[in-house]
**Q** 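Handing you this structure, nothing more for now.
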Amino acid sequence: HPAGNGSNARAPDRGSSVGIPDTANEPVSSTASAVCFHLDLRSGVTLTLQNDLRCDNDVNLAGAATLQGKSLRADHDLNLNGGLTANNGQMYVGHDLNLNGALTLNGGKLTVNNDANLAGTLTASGGDLWITGDWRNTGVFNPGVSDVILDGWERQVISGNNTFYDLSIWNEWGGVDATGSTLTVNGLLYVYGVFTTSSTLKDVEIDRWAKLTAGGNMSVSGNWSNWG
């Protein structure tokens, strides 16, 4: 943006490994359906994504980035050591989300197709977070009014100290185990699959054929609907 800012005066393509150093002019990606192989955003840089961006491998963000209502796709890992703000955008991570910085989700949807490793700060004012692997929280999660959905096929684990607004368990096969987590759900716990937990809960809905197992003490302060 424009192409003249890139090496050899051309825009990146799907074979390009893109490194963005700290420069006087902050970079902007405005090309429709921009692509690259690998993106490395260095510390001190602020990148604004005004349109869709897809990277076929890792995305490493040590600087700051803003996603303005569009999509960011990393087909392997998203390694976030800086700050990323997504405003009603769509984010897809093909493997692990490794968060050591700050991720702010103002609506929209985040899909992580493996583990969410949260050592930094994740703030979700709203929107949906779909996780197919483990949820490992050693940092800070501010849930807002978001819904975290675990929908993997193999066994999934929730670990760390976690406060969710809505938590949805869709894993029917391997199930979700949260017995190693200090877990609170302030909105709705919806169980469509298999869930083992000791939790502080408000409203609980167990769907037909689903299973909720108490792995320790469980308290419910709101409504209890059991169809399972």
Side-chain angles (χ1 to χ4, degrees), residues 1-124 127-136 139 146 148-149 151-152:
H1 172 79
N5 288 339
S7 299
N8 301 321
R10 63 179 178 84
D13 56 30
R14 295 190 69 170
S16 301
S17 292
V18 179
I20 304 177
D22 189 7
T23 60
N25 297 320
E26 300 291 5
V28 175
S29 176
S30 60
T31 303
S33 302
V35 294
C36 67
F37 178 71
H38 175 95
L39 174 62
D40 188 6
L41 183 69
R42 312 290 167 74
S43 178
V45 183
T46 299
L47 170 65
T48 301
L49 300 173
Q50 296 179 344
N51 222 313
D52 300 336
L53 172 63
R54 174 175 179 172
C55 296
D56 289 346
N57 203 285
D58 292 345
V59 172
N60 301 319
L61 300 181
T66 301
L67 178 63
Q68 298 179 340
K70 296 297 182 177
S71 68
L72 171 63
R73 180 181 178 110
D75 280 344
H76 199 248
D77 290 346
L78 173 57
N79 301 307
L80 182 54
N81 295 305
L84 172 60
T85 299
N87 297 316
N88 293 309
Q90 305 288 316
M91 294 178 57
Y92 174 84
V93 182
H95 194 244
D96 289 348
L97 168 63
N98 298 309
L99 175 62
N100 293 289
L103 173 59
T104 301
L105 304 173
N106 296 319
K109 180 180 179 181
L110 167 66
T111 301
V112 179
N113 202 30
N114 201 46
D115 297 336
N117 301 306
L118 311 176
T121 300
L122 172 57
T123 300
D128 297 334
L129 292 75
W130 292 79
I131 312 296
T132 65
D134 293 342
W135 175 278
R136 302 168 180 161
S146 64
V148 175
I149 302 129
D151 67 335

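Note that these values count all heavy atoms, side chains included, but never hydrogens, waters or copies made by symmetry.
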**Q** Which pair of heavy atoms, one from S29 and one from L47, lies closest together, and at what distance?
**A**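 It is N-CD1, 4.2 Å.
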**Q** Does K70 form a side-chain contact (heavy atoms from CB on, under 4.5 Å) with L49? I'd like the steps, not just the answer.
**A** CA-CA 8 Å; K70 296 297 182 177; L49 300 173; over 6 Å; no
**Q** So which atom in A65 and which in L41 form the shortest heavy-atom distance, rounded to 0.1 Å?
**A** CB-CD2, 4.3 Å
**Q** Are any non-hydrogen side-chain atoms of I20 and L39 less than 4.5 angstrom apart?
**A**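 Side-chain contact under 4.5 Å: yes.
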**Q** To the closest 0.5 Å, what do you measure between CZ (F37) and CG (D56)?
**A**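 The CG atom of D56 is 7.0 Å from CZ of F37, to the nearest 0.5 Å.
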**Q** Side chain to side chain contact (heavy atoms under 4.5 Å, CB included) with N106: which of T85, T123, N88, L67?
**A** T85
**Q** Going by the rule side-chain contact (heavy atoms from CB on, under 4.5 Å), which residues pair with N117 if we only count those two or more places apart in sequence or in a different chain?
**A**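 Testing N117 for side-chain contact (heavy atoms from CB on, under 4.5 Å), a comparison that skips the adjacent residues, returns D96, N98, D115, R136.
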**Q** When rounded to the nearest 0.5 angstrom, what is the spacing between CG in N87 and OG1 in T104?
**A** 9.0 Å
**Q** Would you name the heavy atoms of V59 and A74 that are closest together and state the gap between them?
**A**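 V59 and A74 have their closest heavy atoms at CG2-CB, 3.6 Å.
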**Q** In Å, rounded to the nearest 0.5 Å, how long is the span from CG of L61 to CG of L99?
**A**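 L61 CG to L99 CG: 10.5 Å, rounded to 0.5 Å.
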**Q** Just jot down the side-chain contact (heavy atoms from CB on, under 4.5 Å) partners of D40, sequence neighbours excluded, or say none.
**A** H38, R42, N60
**Q** Counting only N and O atoms by type, is there a donor-acceptor contact under 3.5 Å from the side chain of T132 to the main-chain atoms of D151?
**A**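 No; zero donor-acceptor contacts below 3.5 Å.
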**Q** Under a 3.5 Å cutoff, is there a donor and acceptor pairing between the side chains of H76 and N57?
**A** no
**Q** About how many Å separate CG of L53 and OG of S71, when rounded to the nearest 0.5 Å?
**A** 8.0 Å
**Q** Which heavy-atom pair separates V18 from C36 by the least distance, and what is that distance?
**A** CG2-CB, 3.8 Å
**Q** From N114 CG over to H95 NE2, what is the distance, rounded to the nearest 0.5 angstrom?
**A** 4.0 Å
**Q** Which distance, rounded to the nearest 0.5 Å, do you find between the SG of C55 and the CG of D77?
**A**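 If we round to the nearest 0.5 Å, C55:SG and D77:CG are 12.5 Å apart.
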**Q** Only one of L118, L84, T121 passes side chain to side chain contact (heavy atoms under 4.5 Å, CB included) with L103; say which it is.
**A**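 Only match with L103 under side chain to side chain contact (heavy atoms under 4.5 Å, CB included): L84.
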**Q** Are L122 and L129 close enough, and set up right, to give a side-chain contact (heavy atoms from CB on, under 4.5 Å), and what steps lead you there?
**A** CA-CA 11 Å; L122 172 57; L129 292 75; 3.8 Å; yes
**Q** For R73, enumerate each residue passing the salt bridge (charged side-chain N to carboxylate O under 4.0 Å, His left out) test, keeping only those at least two apart in sequence or located in another chain.
**A**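 If we apply the salt bridge (charged side-chain N to carboxylate O under 4.0 Å, His left out) test to R73, skipping adjacent residues, the hits are D75.
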